[in-house]
Amino acid sequence: MGKGGLPVEDVLDELDRALSQTGSAVLVAPPGAGKTTFVPLALLDTEWLGGQKILMLEPRRLATRAAARRMASILGEPDVGGTVGYRIRMDTRVGPDTRVEVMTEGVLTRMLLDDPALSSVGVVIFDEFHERSLHADLGLALTCQARQLFRPDLRILVMSATLEAAPVSALLDEAPVVRSEGRTYPVETRWLSKPVDGPIEGPVASEVADALHTDEGRGDVLVFLPGAGEIRRTAERLEAMGLPPDVDLHRLFGNLGRAEQDRAIAPSAAGRRKVVLATSIAETSLTIEGVRVVVDSGLMRVPRFDPGSGMTRLSTVTVTRDSADQRRGRAGRTGPGVCHRMWTRQEDLGLIPARRPEIAEADLTPLLLDLAVWGAGADELQWLTPPPSAAAAQATELLVGLGALDNDGALTDQGRTMAGLAVHPRLAAMLLRGREAGHGALACDIAALLGDRDVLTVDGRAP
């Protein structure tokens, strides 16, 4: 292990050589190895970077802010915006001296469309790439083409804890695969004796209460639930049951206020424990200090395209094997832990190994519009998983109907305007037509409602 105590330090020289000599690398390192916060800082002074910027992509806004703040703290800087900054939608904290920019995945697409050469950028890092979001796949495809057409000196680094490295290496012209052994502690796994029948909130609350008693002294408790509705109802049950006087209860999900999110991930005060009820936002890229116990509901919420409405809705599904393992690993970051799984051993054998990449089942309309602005068809880019031809044809037909593309598939002036609004093309078309009809404010209100959450559900469930 290196002098800083982080396992990833042992492979930094190998990683430096790979990026210097081949221009690409795939880093596979388990949770706790230090890849998210240490690797970007370690690359700052490399000769090949030459003082240029580092862009690092994260799958979620909370992880983006947390990673930037952690790196700034490591450098001894009081806040982000100095050497390290971040960019998320409607919130940018960068300054004239910023050299590491942490950003959510969709921000990179906008940067590439504005500046295809990524001027002044030396390396793009795709963190937690195993999640295979639509934005991450598009960002990697565009970055590869940008390097091919404009920037042969641009480096690409793909990082993950559970990534199948060979296909990514092949996509990046047989890029070297660098592996860090990491540092993990043993985690005891406990299953239920019989399946849960009915809503999950009651059984989860009972399991948390039991864990606070039987695992006393092990540290804080992290509970994985599918969405904000389940979090609220589980919190109500725990409060009704009565928590021990030294235990604080926190919620953690994407639309929660930043101050509440920060309190949830901050270390517990001396002599106190906490229970954090979280969505999959806490699954990767984010360290919640003090967690030694995990209670996993076995459920997660994923986006699913509904051809009937033409929009994407959230569906609650059984957790996949790789996600369950990621959640379990949260209990072993700082010491031996325990994971309570809200399913039986028999059910465990039936878990699907991994989610399908989002590009394989998502609405491709926004992606096709971005490609039109980029000036290339989907078949002209290198993809880890190519967009399905039928879904791409359906998306193209919709974009023509919305006036974003002409009958030959070329971008129209209206399409370019729609792309700049950074909302789904359906909503962008509504905004433009609403403004033309003199109802711009009403159109904005409707777009905000439809774009922010699934209004066809109540707490993630159909009414």
Side-chain angles (χ1 to χ4, degrees), residues 88-90 104-114 116 132-142 145 302-315 357-381 383 385-457:
I88 61 178
R89 188 177 180 184
M90 302 184 71
T104 45
E105 295 160 340
V107 174
L108 176 65
T109 300
R110 305 258 69 82
M111 292 183 70
L112 282 161
L113 295 179
D114 291 339
R132 297 295 309 279
S133 75
L134 190 64
H135 281 305
D137 274 16
L138 175 60
L140 182 58
L142 294 181
Q145 189 170 70
V302 298
R304 291 281 172 82
F305 178 54
D306 180 5
S309 67
M311 300 294 287
T312 297
R313 300 178 63 175
L314 294 176
S315 298
E358 188 179 0
I359 197 171
E361 53 189 17
D363 173 14
L364 299 183
T365 310
L367 182 145
L368 266 294
L369 182 56
D370 284 337
L371 290 183
V373 176
W374 179 256
D379 58 350
E380 298 177 56
L381 276 70
W383 301 92
T385 301
S389 56
Q394 181 185 23
T396 301
E397 182 180 355
L398 174 60
L399 289 171
V400 171
L402 294 174
L405 303 179
D406 63 22
N407 290 328
D408 295 323
L411 183 71
T412 65
D413 290 340
Q414 176 166 305
R416 189 172 297 278
T417 302
M418 289 166 60
L421 295 178
V423 295
H424 190 282
R426 285 182 183 271
L427 301 181
M430 181 192 69
L431 288 171
L432 295 180
R433 292 172 187 172
R435 183 181 63 182
E436 291 171 1
H439 300 294
L442 177 60
C444 287
D445 289 341
I446 295 172
L449 283 171
L450 293 174
D452 186 56
R453 60 172 297 180
D454 185 354
V455 297
L456 299 179
T457 62

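We count residues from 1, following the sequence as given.
Within the structure, the side-chain hydrogen bond (donor to acceptor under 3.5 Å, both in side chains) test picks out no pair touching residues 400-412 (sequence neighbours left out).
A pairwise comparison of heavy atoms in Gly409 and Leu405 identifies O-CD2, 3.8 Å as the closest pair. Looking at every heavy atom in both residues, Ala360 comes nearest to Pro388 through O-CG, 3.8 Å. The nearest pair of heavy atoms linking Ala141 to Leu381 is CB-CD2, 3.7 Å. Across all non-hydrogen atoms, the minimal contact from Leu399 to Leu369 is CD1-N, 3.7 Å.
The residue from Leu138, Leu364, Thr396 that alone fulfils the side chain to side chain contact (heavy atoms under 4.5 Å, CB included) condition with Leu371 is Leu138.
Remark: Thr104 engages no residue in a side-chain hydrogen bond (donor to acceptor under 3.5 Å, both in side chains) (not counting sequence neighbours). Residues passing the side chain to side chain contact (heavy atoms under 4.5 Å, CB included) test with Glu358 are Ser133, Leu134, Pro303, Ala362, sequence neighbours excluded. Scored by the side-chain hydrogen bond (donor to acceptor under 3.5 Å, both in side chains) test, Thr109 finds no partners at all (sequence neighbours excluded). For Gln145, the side-chain hydrogen bond (donor to acceptor under 3.5 Å, both in side chains) partners two or more places apart in sequence, or in a different chain, are Trp374. Partners of Arg110 by side-chain hydrogen bond (donor to acceptor under 3.5 Å, both in side chains), not counting sequence neighbours, listed by chain and number: Asp370.
The distance from atom OG1 of Thr385 to atom CD of Glu361, rounded to the nearest 0.5 Å, is 11.0 Å. Taking CZ from Arg132 and CG from Asp137, the interatomic distance works out to 4.0 Å, rounded to the nearest 0.5 Å. Taken from CG in Leu427 to CG in Leu421, the straight-line distance is 10.0 Å, to the nearest 0.5 Å.
Contact annotation: the side chain of Leu431 never approaches that of Met418 to less than 4.5 Å [non-hydrogen atoms, C-beta and beyond]. The side-chain heavy atoms of Val107 and Met111, taken from C-beta on, include a pair separated by under 4.5 Å. Considering only heavy atoms from C-beta on, Thr365 stays 4.5 Å or farther from Arg426 through its side chain.
Under a 3.5 Å cut-off, the side chain of Glu380 and the backbone N or O of Gly377 do form a donor-acceptor pair. Although no hydrogens or angles enter the test, the distance criterion places a donor-acceptor pair under 3.5 Å between the side chain of Arg89 and the main chain of Ala422.
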Side-chain atoms of residues 432-449: list all donor-acceptor pairs with protein atoms under 3.5 Å, sequence neighbours left out, distances to 0.1 Å.
residue	atom	partner	partner atom	Å
Arg433	NH2	Leu402	O	3.3

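The local environment of CG in Asp114 is crowded, with over 12 non-hydrogen atoms from other residues, nucleotides or ligands closer than 6.0 Å.
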